[in-house]
Amino acid sequence: MYLTADEEAMAAGSDGPAVKWAMDYQLAVGGFFGARRLVRVRSAHAHCDGEALGEPGVRFLEQLADQGARARIPLTLDPRSTDFSCALDIGQSQSIVDTERRILAAMARMGALTTNTCINYQTVDVPHGGEHLAWGDTGTVIYANAVAGARSNFEGGPAALAAALTGRVPAYGFHLDECRRGTVLVELADQPRNSTDWGAVGCLVGRRFPGYWEVPAIDGAERSPSPDEVKQLGAALASYGSHAMFHLVGVTPEARTRADAFGDNEPRERMVIDRAALDGAYRGFAPERESPDIVVFGTPQLSVFELAELAALFEGREVSCPVYATTSAAVLRSAEEYGYAETLRAAGVRLLSGVCYYLMTARELGRSNGFRTLVTNSAKLANIIEGYGYNPVFRSTEMCVDAAVTGRIAG
Amino acid sequence: MTQLIGAVGFGDVVEAPALVSTDAFSARYDLDHDTGVISRESHDLCGQSIAGRILVVPTAKGGTATGWRLLDLQSRGLAPAGLVLRTTNPVLVQGAVFAGIPIMHELEPDPVTSIETGQLLRLVPREGRVETLGQG
């Protein structure tokens, strides 16, 4: 791999052991993928929840901080495993609280903004076209690549942190033009009606064409979806398909036309999505019982607009089972200012900030609260949570609210 | 002995029995992290431990958690001895490099169809070679 004189020096230890570790690590990963050089990145976004790190990961962060490691570009953080304000009340352990505090302290010492959000692209760090990023959390990456036209691979926690320490990443994958063109064509024969329908599109396409290097180009949208609808589409594609990039013809910046989306590629396969297929995506998540154990909104974290929609649906009603809505600290403060939080709390909805449900030691939460049948408007959460021993049920936002209020799952 | 040849991988030479799946893999989506046993009910390896095996799967799935989790699994003796994929995503490589676990991909013939669970494998990542050594 070609390295500049500065990069050679970092690899030789000129900037200390933490930067040397980061450079060695990046050269090993970049070498695996045949990267020929490093590319400077504007910001890094690290996923570092306590459940994923475990004790060895936390010790690793503390050791780096002790060595004087310091982010040389803006470094933001993905959600935590716990909301400190209610962790023990909802059945989480003191140990995960302690772990999260150690992670935040170590990250703050290294200069991170402890944002704990997976919607950085809607809030603190809006990406723009052509810039290179080192982001983790797959939903953030696919949004940056597809919707903003920025350039990032999936950078897992250690990789995003390494990028923050060197200010660079290996140039392979979605940093390169040739990986960004469409590979498969998806035609919408019927129009998605709302954000869960867009999540269902992501579910169907991701299942049909799984693989990081696939780039679905979706054609036929008669209106430009809202940012929250695109967010659900991207999060579902990334979750079901491990995709990092998509095109929405006529909407996303690298796909003004179908020809634009594919460049020199011919679509290798074609898929048509109609109403029956969308309905089937929901029906594929069958409830084992008619009543939900828990209803969860979020994944990715809710935007102010999504909280406004929920507040309108819950206004004057009351939940009949535990109902969680997850968002970021900054969005929660906005929702409090605009009155949405008060409406939701009055209905009995628990607003959690800095977290996403699947990161929240979900196996323990399930055991301690008897949660098994989980109803959600997030296609992504419905996918992940099965591995934690849940019976996931993906439904429209309105049906999730009805299930939360009536205690019965329709459809 | 048959050989699979392909891209140069990461890590040292390792020998261990294969655990083959036709499903993709993620340490968050599919695994009970406390036990190292596949816990996703719809996964074709549900109920099987990945500890000490060479996991052979078509591709990596889902999110970024695997980037951290392989090291934690390894510290508790629950990590796979090696990883062989038809095609991987970056996160599994980032996790394997972080934990020092050998990983390889893009081999001929296709590892998922040519390797059987229980076969003893030798990975030689730096030479881009996987050898099957018979039943483990």
Side-chain angles (χ1 to χ4, degrees), chain A residues 24-26 28-29 31-34 46-49 51-60 78 135-141 153-162 170 172-174 206 210-213 238-244 358-359 363-364 380 383-389 391, chain B residues 7-11 23-35 38-43 46 58-76 78-79 85-100 102-106 125-126 128:
Chain A
D24 287 348
Y25 178 82
Q26 293 189 312
V29 173
F32 186 97
F33 288 107
H47 154 254
C48 56
D49 72 89
E51 195 196 33
L53 265 70
E55 184 62 23
V58 180
R59 285 208 190 128
F60 173 78
D78 219 40
W135 284 12
D137 189 312
T138 60
T140 69
V141 174
N153 285 310
F154 287 178
E155 301 287 357
L161 184 57
Y172 66 90
F174 292 94
Y212 184 75
W213 310 98
S239 179
Y240 289 86
S242 201
H243 298 156
Y358 69 91
L359 304 173
R363 193 177 304 280
E364 289 75 14
K380 173 176 176 174
N383 187 32
I384 300 175
I385 208 67
E386 185 197 333
Y388 286 90
N391 162 223
Chain B
V8 170
F10 167 81
D23 286 345
F25 174 73
S26 154
R28 163 111 58 203
Y29 285 41
D30 298 316
L31 198 66
D32 181 335
H33 193 61
D34 296 333
T35 61
I38 301 277
S39 58
R40 187 181 186 83
E41 288 163 27
S42 58
H43 200 285
C46 188
T59 189
K61 181 195 286 181
T64 49
T66 311
W68 290 113
R69 277 195 159 185
L70 291 175
L71 178 68
D72 188 31
L73 285 166
Q74 192 174 57
S75 76
R76 293 178 288 122
L78 298 175
L85 298 98
R86 196 178 279 155
T87 307
T88 185
N89 78 359
V91 174
L92 201 53
V93 178
Q94 292 157 3
V97 172
F98 189 56
I103 181 167
M104 303 180 67
H105 78 158
E106 292 184 356
R126 287 185 182 86

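Throughout, a chain's letter reflects where its sequence line sits, starting with A, and its residues are numbered from 1.
There is no contact between A:Asp78 and chain B, counting heavy-atom distances below 4.5 Å. With a 4.5 Å cut-off on non-hydrogen atoms, A:Ile385 does not touch chain B at all. Of the atoms belonging to B:Ala7, not a single heavy atom falls under 4.5 Å from chain A. Heavy atoms closer than 4.5 Å to chain B are found in both the backbone and the side chain of A:Pro158. For a residue to count as touching a neighbouring chain, one of its non-hydrogen atoms must lie under 4.5 Å from one of that chain's; by this rule B:Leu73 does not touch chain A. Contact of B:Ala65 with chain A is made through backbone and side chain together, with heavy-atom distances under 4.5 Å. B:Ser39 touches chain A through backbone and side chain together, each having a heavy atom under 4.5 Å away. Contacts of A:Gln26 with chain B are absent, with no heavy-atom separation under 4.5 Å from either backbone or side chain. Using a 4.5 Å cut-off between heavy atoms, B:Asp34 contacts chain A through its side chain alone, with no backbone atom that close. In this structure, the portions of A:Tyr358 lying under 4.5 Å from any heavy atom of chain B include both its backbone and its side chain.
To the nearest 0.5 Å, the span separating CZ on B:Arg28 from OG1 on B:Thr64 amounts to 7.0 Å.
Here A:Lys380 pairs with A:Asp137 in a salt bridge; the nearest charged N to carboxylate O distance falls below 4.0 Å.
Most heavy-atom pairs under 4.5 Å with chain A: of the set B:Gln74, B:Gln94, B:Glu41, this distinction falls to B:Gln94. Among A:Phe60, A:Trp213, A:Tyr172, the residue making the largest number of heavy-atom pairs under 4.5 Å with chain B is A:Phe60. Interface check for chain A: of the options B:Val97, B:Val8, B:Thr59, the most heavy-atom pairs under 4.5 Å are formed by B:Val97. Across A:Leu359, A:Val29, A:Ile384, A:Asp49, the residue that shares the most heavy-atom pairs under 4.5 angstrom with chain B is A:Ile384. For the set A:Gly139, A:Gly136, A:Ser239, A:Ala162, the entry with the most heavy-atom pairs within less than 4.5 Å of chain B is A:Ser239.
Using a 4.5 Å heavy-atom threshold, the side chains of B:Trp68 and A:His47 count as touching. Residues A:Glu386 and B:Ser42 have side chains in contact (heavy-atom distance under 4.5 Å, counting atoms from C-beta outward).
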Test log, rule ring pair (Phe, Tyr, Trp, His ring centres under 6.0 Å), inputs A:Phe32 and B:His105
CA-CA 9 Å; A:Phe32 186 97; B:His105 78 158; 4.7 Å; yes
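Residue A:Phe174 forms a ring-ring contact (aromatic ring centres under 6.0 Å, His included) with just one option from A:Trp135, A:Phe33, A:Tyr212, and that option is A:Tyr212.
Looking only at distances, a side-chain donor or acceptor of B:Asn89 sits under 3.5 Å from a matching main-chain atom of B:Leu92. B:Thr88 places no side-chain N or O within 3.5 Å of a backbone atom of B:Leu85 that could act as its donor or acceptor partner. B:Arg69 places no side-chain N or O within donor-acceptor distance of the main-chain N or O of A:Leu53, the cut-off being under 3.5 Å. Of the possible donor and acceptor atoms, none in the side chain of A:Asn153 sits under 3.5 Å from a partner among the backbone N and O of A:Glu155.
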